[in-house]
Amino acid sequence: MKRLIYLIMTFMAVCANAQSQDSIKMPVTPFEYPLAPDSITSLQGKTSYVMLRFWDKADMKKLMADTTQFRKAFHDYVSFIPFAHVDSIKKSANALTSKFSNDPKALLLIARTAEKELFGPEADFWSEEPYMLFVRPLLTSKKVKDKEKAHYLSQIKMLNASQIGSNIAPIKYVTRHGAEHNLYDQKGDYILLIFQREDCTDCSMMRLRLEADIATGNVIKDGRLKLVIINPDKATAEWRAAMANYPYSWEIGSAPNAGEEVDLRIMPNSYLLDNEYKILLKNLDLNQILSFTSALNQQPKASEKQAEE
């Protein structure tokens with residue numbers, strides 16, 4: 001929302017400035033940003049135009065030497081991403097990174113700044129695909145050392161394995177009873193994988209509603225759904241005591257390294273998998289989960305469908 005307000009105010013200021021150069025004091029920017037022509041009327045059209053031409057008037061050599069100014073410009077640059085056309089974002093990102101294909105320091109600066117603005121906890125919004133566009137040139141560069149790539153390589157691997165349509169990683173965990181299990185050992189027509197930390201304040205209510213829901217209980221009991229709850233932190237005695245009260249049919253464990261294998265920036269988090277561990281949906285809230293189990297409860301089991309065929 002902050003980005004949207006900023007963008008609208010910027011366009012209003014630009015339009016007003018075009019009519020009266022003396023009446024509006026424009027914000028100070030590291031260089032002159034492009035202005036979309038009046039003939040482009042849609043927000044997507046304007047933002048796409050700006051993204052494609054954003055760096056045209058920048059003295060890139062001077063700008064890249066001034067980290068503070070580059071980060072300020074990049075901060076403004078990515079604010080247009082939520083509103084621009086996907087193709088324009090790709091072309092713009094590729095054009096920027098290609099300028100520095102032989103400059104490992106510049107590629108590192110772009111990757112670090114993109115991480116802060118599009119991926120990390122300080123970002124005003126997360127945008128995975130654009131983030132990967134700014135990082136991949138670093139990973140493919142032969143001039144960047146492997147140790148400098150490792151951090152970003154692990155992020156890309158994690159993001160790729162967390163996308164809808166991808167197979168989730170075979171996460172290893174220790175159950176509440178102390179046994180070592182693997183996610184791929186769990187069977188069901190569908191698998192609902194929920195990640196929740198020990199200090200989760202809303203998870204008790206989720207547990208009570210799922211446990212009390214008849215449809216959810218039915219599909220878990222007959223094997224159409226396997227419910228797996230993972231604590232992505234080290235198990236404590238308090239956690240084990242709390243988990244002892246959860247239904248026996250629920251698979252519950254702890255996997256301190258889970259955040260390295262699956263995207264857990266949002267917590268609690270949930271992934272709906274098919275019987276081959278492919279991600280069908282993610283980031284489901286409780287109401288979405290209950291809607292799914294209700295619909296599933298009204299359908300025959302996969303084995304019954306095969307028997308009919």
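Nothing fancy with the numbering, it's 1 onward along the sequence.
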Check: Is I230 linked to L273 within one hydrophobic cluster, defined over Ile, Leu, Val, Met, Phe, Trp and Tyr using a side-chain heavy-atom separation of less than 4.5 Å?
Finding: yes

Check: Given side chains that start at C-beta, do those of S127 and P130 come closer than 4.5 Å, heavy atoms only?
Finding: yes

Notebook entry, point to check: Quick one: do D76 and K72 make a salt bridge, cutoff under 4.0 Å?
Noted result: yes

Note to self: For a 4.5 angstrom cut-off between non-hydrogen side-chain atoms, does N182 reach I171?
What the structure shows: no

Item checked: Atom NZ of K282: over 12 foreign heavy atoms under 6.0 Å -> yes

Next item on the list: Determine, stepwise, if the pair I194 / L210 fulfils side-chain contact (heavy atoms from CB on, under 4.5 Å).
Entry: CA-CA 12 Å; I194 299 177; L210 288 174; 4.3 Å; yes

Item checked: Any N287 side-chain heavy atom under 4.5 Å of R209 side chain -> yes

Checklist line | Check: S141 and L138 side chains under 4.5 Å, non-hydrogen atoms | finding: no

Checklist line | Co-membership, hydrophobic cluster, residues M158 and I168, 4.5 Å side-chain | finding: no

Check: Should we say atom CD1 of I214 is surrounded by more than 12 heavy atoms from elsewhere, each under 6.0 Å from it?
Finding: no

Checklist line | F74 and F54 aromatic centres sub-6.0 Å | finding: no

Next item on the list: Answer with yes or no whether the side chains of E251 and Y173 bring together a donor and an acceptor at under 3.5 Å.
Entry: yes

Check: Can you name the one residue among Q44, K46, M51 that meets side-chain contact (heavy atoms from CB on, under 4.5 Å) with S48?
Finding: Q44

Next item on the list: Answer with yes or no after comparing the ring centroid distance for F292 and Y190 against a 6.0 Å cut-off, counting only values under it.
Entry: yes

Margin query: I'd like to know if the side chain of D103 and the backbone of A106 have a donor-acceptor N/O pair within less than 3.5 Å.
Written below: yes

Next item on the list: Would you give the length of the straight line joining atom NZ of K143 to atom NZ of K105, rounded to the nearest 0.5 angstrom?
Entry: 12.5 Å

Check: So, Y131 versus W126, ring centres under 6.0 angstrom or not?
Finding: no

Checklist line | Neighbour count above 12 (heavy atom, 6.0 Å) for E129 CD | finding: no

Item checked: Y33-M64 co-clustered via ILVMFWY side chain contacts under 4.5 Å -> yes

Next item on the list: With the side chain counted from C-beta on, respond yes when E261 and K157 share a heavy-atom pair under 4.5 Å apart, and no when they do not.
Entry: no

Notebook entry, point to check: Is there a donor-acceptor contact under 3.5 Å from the side chain of Y271 to the main chain of L284?
Noted result: no

Check: When rounded to the nearest 0.5 angstrom, what distance separates CD in E198 from CZ in R240?
Finding: 10.0 Å

Check: In terms of hydrophobic clustering (I, L, V, M, F, W, Y; side-chain heavy atoms under 4.5 Å; direct or indirect links), are V219 and V228 co-clustered?
Finding: no

Next item on the list: Could you tell me which non-hydrogen atom of K172 sits nearest to which non-hydrogen atom of A255, and how far apart they are?
Entry: O-CB, 3.4 Å

Next item on the list: Would you name the heavy atoms of Q196 and P232 that are closest together and state the gap between them?
Entry: O-CD, 3.5 Å

Check: Crowded around K187 NZ? As in, over 12 foreign heavy atoms under 6.0 Å?
Finding: yes

Checklist line | Under-4.0 Å salt bridge between R265 and D263 | finding: yes

Notebook entry, point to check: Got R224 and N297 here, is their nearest side-chain heavy-atom distance under 4.5 Å?
Noted result: yes

Item checked: For I229 against W250, the heavy-atom pair lying closest together -> CD1-CE3, 3.7 Å

Check: Which pair of heavy atoms, one from A73 and one from F31, lies closest together, and at what distance?
Finding: CB-CE2, 3.7 Å

Item checked: Distance-only polar pair, side chains of E117 and H75, donor-acceptor under 3.5 Å -> yes

Next item on the list: Ignoring hydrogens and angles, state whether a donor on the side chain of S92 or Y77 is under 3.5 Å from an acceptor on the partner side chain.
Entry: yes

Checklist line | M267 atom CE, neighbour heavy-atom count above 12 within 6.0 Å | finding: yes

Next item on the list: Test T67 against F70 for side-chain contact (heavy atoms from CB on, under 4.5 Å), laying out the working first.
Entry: CA-CA 5 Å; T67 302; F70 173 75; 5.8 Å; no

Item checked: Side-chain heavy-atom pair L159, M132 within 4.5 angstrom cut-off -> yes

Item checked: Nearest atoms (heavy-atom pairs only) where N275 meets G188 -> CB-O, 3.1 Å

Next item on the list: Could you pull out the closest heavy-atom pair between N160 and S166, with the gap in Å?
Entry: O-OG, 2.8 Å

Checklist line | Y152 with L96, same ILVMFWY side-chain cluster at under 4.5 Å | finding: yes

Item checked: Donor-acceptor contact present, side-chain S294 to main-chain L290, <3.5 Å -> no

Notebook entry, point to check: Say you draw a straight line from CD1 of I191 to CG of L183; how long is it, rounded to the nearest 0.5 Å?
Noted result: 5.5 Å

Check: Which distance, rounded to the nearest 0.5 Å, do you find between the CG of L264 and the CD1 of I266?
Finding: 10.0 Å

Next item on the list: Test T293 against L225 for side-chain contact (heavy atoms from CB on, under 4.5 Å), laying out the working first.
Entry: CA-CA 8 Å; T293 57; L225 180 72; 3.8 Å; yes

Next item on the list: Check step by step if side-chain contact (heavy atoms from CB on, under 4.5 Å) holds for I279 and N167.
Entry: CA-CA 6 Å; I279 299 172; N167 283 86; over 6 Å; no

Check: Taking the six-membered ring of F195 as reference, does the NZ or CZ atom of R197 fall below 6.0 Å from its centre and within a 45° cone about the axis?
Finding: no

Next item on the list: Look up atom CZ in R176 and atom CD1 in I252, then write down how far apart they are to the nearest 0.5 Å.
Entry: 3.5 Å

Notebook entry, point to check: Hey, are the side chains of F134 and L118 touching, using non-hydrogen atoms and a 4.5 Å cut-off?
Noted result: yes

Note to self: Is it the case that the side chain of R207 and the backbone of N245 share a donor-acceptor pair, with hydrogens and angles ignored and the cut-off at 3.5 Å?
What the structure shows: yes

Item checked: Side-chain donor/acceptor of H85 to backbone N/O of D87, under 3.5 Å -> yes

Check: For the atom pair CG (N283) and OG (S270), what is the distance rounded to the nearest 0.5 Å?
Finding: 6.5 Å

